[in-house]
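Residue numbers start from 1 in every chain, and the chains themselves are labelled A, B, ... in the order their sequence lines are given, proteins ahead of strands.
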2 protein chains.
Amino acid sequence: MAESGAPTQRESMADRIYQALKEDIFEFRLIPGDKFSESDIAQRLSASRTPVREALYRLEREGYVDVLFRSGWQIRQLDFKQIEELYDLRITLERAAMHKICRLDKPPPALRLLNDIWNPDAPSERAFGSTVRALDESFHCELVAAAGNDEMTQVHQRITDRLRIVRRLDFTRPDRIDATYREHAEILQALIANNPGEAAEKMTAHIRTSQEAVKGISLERIREVSQQHRRREPGCP
Amino acid sequence: MAESGAPTQRESMADRIYQALKEDIFEFRLIPGDKFSESDIAQRLSASRTPVREALYRLEREGYVDVLFRSGWQIRQLDFKQIEELYDLRITLERAAMHKICRLDKPPPALRLLNDIWNPDAPSERAFGSTVRALDESFHCELVAAAGNDEMTQVHQRITDRLRIVRRLDFTRPDRIDATYREHAEILQALIANNPGEAAEKMTAHIRTSQEAVKGISLERIREVSQQHRRREPGCP
DNA sequence: TAACACATTCTTGTATACAAGATTGCAACC
DNA sequence: GGTTGCAATCTTGTATACAAGAATGTGTTA
């Protein structure tokens with residue numbers, strides 16, 4: 001649905017700023033601890049403070065930034081307890097999705113489509129690097145969406161966004177990529193065989209692996225990656 | 001925790017307006033379909049448009065109002081599919097909470113406290129009417145909180161808020177109050193007996209009952225109740 | 001009466017002005 | 001050097017001004 005039918009309003013300035021800032025965070029151009037003021041952003045993005053504030057408050061409610069009363073804004077620090085809890089909640093939702101999918105009248109088309117990706121006939125069709133990361137994310141999101149509860153899908157999407165930053169630091173080791181293909185394939189097989197219990201167990205184990213990998217992350221690691229990114233695409237803030 | 005220790009900032013105007021509007025919605029002073037402008041609210045609450053907008057956008061993201069481009073704001077219509085999905089998600093979360101509670105090292109104190117309320121030694125200690133409604137809400141919220149995942153608790157709280165409007169129209173028939181006491185007591189007994197499966201099943205059935213009761217709700221019913229409220233406390237918008 | 005044209009009013013979205021207070025830099029002093 | 005006092009600057013929170021366009025009411029015409 002590109003450019004959906006209702007052109008009630010062009011994308012507002014506030015939306016653009018929101019998107020831009022969120023991308024800055026995901027791309028490590030803004031990292032935890034970075035401080036800035038509303039005027040900084042407004043100047044950089046050629047806007048006034050009003051839409052900037054709107055975007056920032058949205059990001060604040062979603063957990064990405066903190067506002068310090070009369071002392072500027074700050075990219076929120078990593079909170080490892082929170083990350084654990086978000087993973088935990090993700091597991092709860094995705095397990096529930098497994099059961100819901102198996103209770104559907106007929107298997108959703110997404111199952112076949114995903115199976116084509118993760119059970120490729122020719123192993124050479126496998127993707128690499130950052131593509132796998134994006135594919136992995138959409139695997140989980142599409143499975144939850146296939147369960148048919150939009151509210152659940154939205155909550156899950158918000159969690160996925162929130163965890164993207166730390167997950168970007170994983171997904172480097174090739175053995176994990178191999179394992180991801182294998183585990184996704186097994187989950188899909190269990191779903192197609194209408195075995196929700198097995199699918200849920202395999203999904204739990206799969207996510208726990210990711211959760212474990214993320215535990216080693218530190219602010220230093222983020223700084224490193226941020227530096228690498230900056231060197232590759234210079235001229236940014 | 002009244003007036004928590006960090007007086008970093010007095011409650012902002014935007015916060016006050018947000019709370020006031022949310023209460024207006026919960027108390028049926030604003031009902032689905034009602035239209036108004038930012039200036040209306042600003043004048044009524046003696047503020048400027050800026051904090052009003054902030055509050056409104058927050059309410060919009062939480063699903064309570066819609067902004068119509070250059071045509072004012074509107075209390076969001078009831079969406080029965082969404083209500084179904086929210087109930088469904090609530091069941092998912094509360095079932096998960098049952099299992100989490102039983103996996104804790106030792107039973108949380110909340111269990112005993114809740115048991116004192118819902119398994120009262122003397123049946124005469126039972127609460128009535130709107131008190132039961134509030135107690136029921138906190139029963140569910142506190143159980144989820146007892147599971148120990150703050151992120152889950154927050155998501156659940158948001159869902160609870162969102163469903164409060166329709167749940168207020170339930171909880172009138174005395175037989176439902178009796179049943180609520182019985183069902184809550186049974187859930188707590190199952191938890192104390194460390195039987196998560198049974199607790200989850202009973203919780204599911206309990207919530208489904210509420211979900212069914214809510215299905216009969218219509219906009220007309222809300223209008224009626226709104227009129228009653230207005231008559232009782234006149235002088236409001 | 002019904003329908004159309006036009007002008008007025010109203011609405012949001014954005015930009016800017018102002019207020020209260022936090023932060024910071026610097027000079028003076030021990 | 002280390003600390004204190006103070007003023008200049010910066011910051012958010014709120015109020016207001018303006019712009020583009022939607023909604024509405026009114027007068028006119030048939």
Side-chain angles (χ1 to χ4, degrees), chain A residues 3-22 24-25 30 32-77 237, chain B residues 3-22 24-25 30 32-77 237:
Chain A
E3 289 294 321
S4 90
T8 56
Q9 179 192 2
R10 73 188 182 293
E11 186 170 291
S12 78
M13 184 72 82
D15 286 338
R16 280 201 11 245
I17 296 172
Y18 168 81
Q19 293 293 346
L21 287 177
K22 210 165 164 186
D24 283 344
I25 295 171
L30 291 171
D34 280 359
K35 296 188 73 170
F36 53 89
S37 76
E38 296 169 2
S39 313
D40 291 345
I41 309 292
Q43 217 164 9
R44 179 155 71 84
L45 301 183
S46 306
S48 77
R49 276 181 58 215
T50 308
V52 169
R53 279 172 64 79
E54 202 175 302
L56 283 174
Y57 273 113
R58 209 166 136 192
L59 289 168
E60 190 215 15
R61 287 206 38 86
E62 292 177 4
Y64 294 98
V65 299
D66 289 312
V67 54
L68 292 70
F69 186 53
R70 278 173 186 152
S71 304
W73 292 75
Q74 188 167 29
I75 305 293
R76 193 169 292 183
Q77 292 288 354
Chain B
E3 290 291 322
S4 91
T8 56
Q9 178 194 5
R10 73 186 182 294
E11 186 170 292
S12 78
M13 185 72 82
D15 286 338
R16 279 201 13 242
I17 295 172
Y18 168 81
Q19 293 292 348
L21 287 177
K22 209 166 166 187
D24 284 343
I25 294 171
L30 291 171
D34 281 358
K35 296 186 72 170
F36 53 89
S37 75
E38 295 169 3
S39 313
D40 291 345
I41 309 292
Q43 217 164 11
R44 180 156 71 83
L45 301 183
S46 307
S48 76
R49 276 181 58 217
T50 308
V52 170
R53 280 172 63 79
E54 202 175 302
L56 284 173
Y57 274 112
R58 206 166 139 192
L59 289 168
E60 190 215 14
R61 286 206 38 88
E62 292 178 4
Y64 295 98
V65 298
D66 289 312
V67 54
L68 291 69
F69 185 52
R70 279 175 186 148
S71 305
W73 292 75
Q74 187 168 30
I75 305 294
R76 192 169 292 181
Q77 293 288 354

Evaluate the criterion side-chain contact (heavy atoms from CB on, under 4.5 Å) for residue pair Val67(B) and Leu56(B); output intermediate values, then yes/no. CA-CA 8 Å; Val67(B) 54; Leu56(B) 284 173; over 6 Å; no
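- Atom-to-atom distance recorded for Ile17(A):CD1 and Lys22(A):NZ is 15.0 Å, nearest 0.5 angstrom.
- With rounding to whole Å, Leu45(A) atom CG is found 11 Å from dA15(C) atom P.
- Between Val52(B) and Ala42(B), the shortest heavy-atom distance links the atoms CG2-CA, 3.7 Å.
- Atom CD1 of Ile41(A) is separated from atom P of dC10(D) by 17 Å (rounded to the nearest Å).
- The base of dA20(C) lies close enough to the side chain of Arg70(A) for a donor and an acceptor atom to sit less than 3.5 Å apart.
- Side-chain atoms of Thr50(A) never come within 3.5 Å of backbone atoms of Ser48(A) as a donor-acceptor pair (strictly under, hydrogens ignored).
- Rounded to a whole Å, the CG atom of Asp15(A) is 13 Å from the C1' atom of dT14(C).
- Nucleotide dA15(D) holds its P atom 13 Å from the CD atom of Gln43(B), rounded to whole Å.
- Between Arg49(B) and Ser39(B), the closest heavy-atom pair is CD-OG, 4.0 Å.
- Side-chain atoms of Tyr18(B) and Glu62(B) include a donor-acceptor pair closer than 3.5 Å.
- If you take CH2 of Trp73(B) and P of dT11(C), they are 14 Å apart, rounded to a whole angstrom.
- The overall bend of the helix from dT1(C)-dA30(D) to dC30(C)-dG1(D), read as the angle between its terminal helix axes built from five base pairs each, is 0° when rounded to 10 degrees.
- In this structure, Lys35(B) places its NZ atom 10 Å from P of dT11(C), rounding to the nearest Å.
- Near DNA chain C, meaning a heavy atom under 4.0 Å from it, residues 48-58 of chain A has Ser48(A), Arg49(A), Thr50(A), Pro51(A) in order of number.
- Along DNA chain C, the nucleotide closest to Ala47(A) and the one closest to Glu38(B) are compared, and the more 5′ of them pairs with Glu38(B).
- Nearest to the side-chain atoms of Ser71(A) among the listed nucleotides dA22(C), dT14(C), dA15(D) stands dA22(C).
- Between Gln74(A) atom CD and dT23(C) atom P there is a gap of 12 Å when expressed in whole angstrom units.
- Scored by the salt bridge (charged side-chain N to carboxylate O under 4.0 Å, His left out) test, Glu54(B) finds Arg53(A) as partners (sequence neighbours excluded).
- One atom, CZ of Phe69(A), and another, P of dT23(C), lie 11 Å apart when rounded to the nearest Å.
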Check step by step if side-chain contact (heavy atoms from CB on, under 4.5 Å) holds for Gln74(A) and Leu68(A). CA-CA 8 Å; Gln74(A) 188 167 29; Leu68(A) 292 70; 3.8 Å; yes
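- The side chain of Ser12(B) lies closest to dT14(D), out of dT14(D), dA20(D), dT23(C).
- Side chain of Glu60(A) to main chain of Val65(A): no donor-acceptor pair is present (N/O by atom type, distance under 3.5 Å, no hydrogens or angles).
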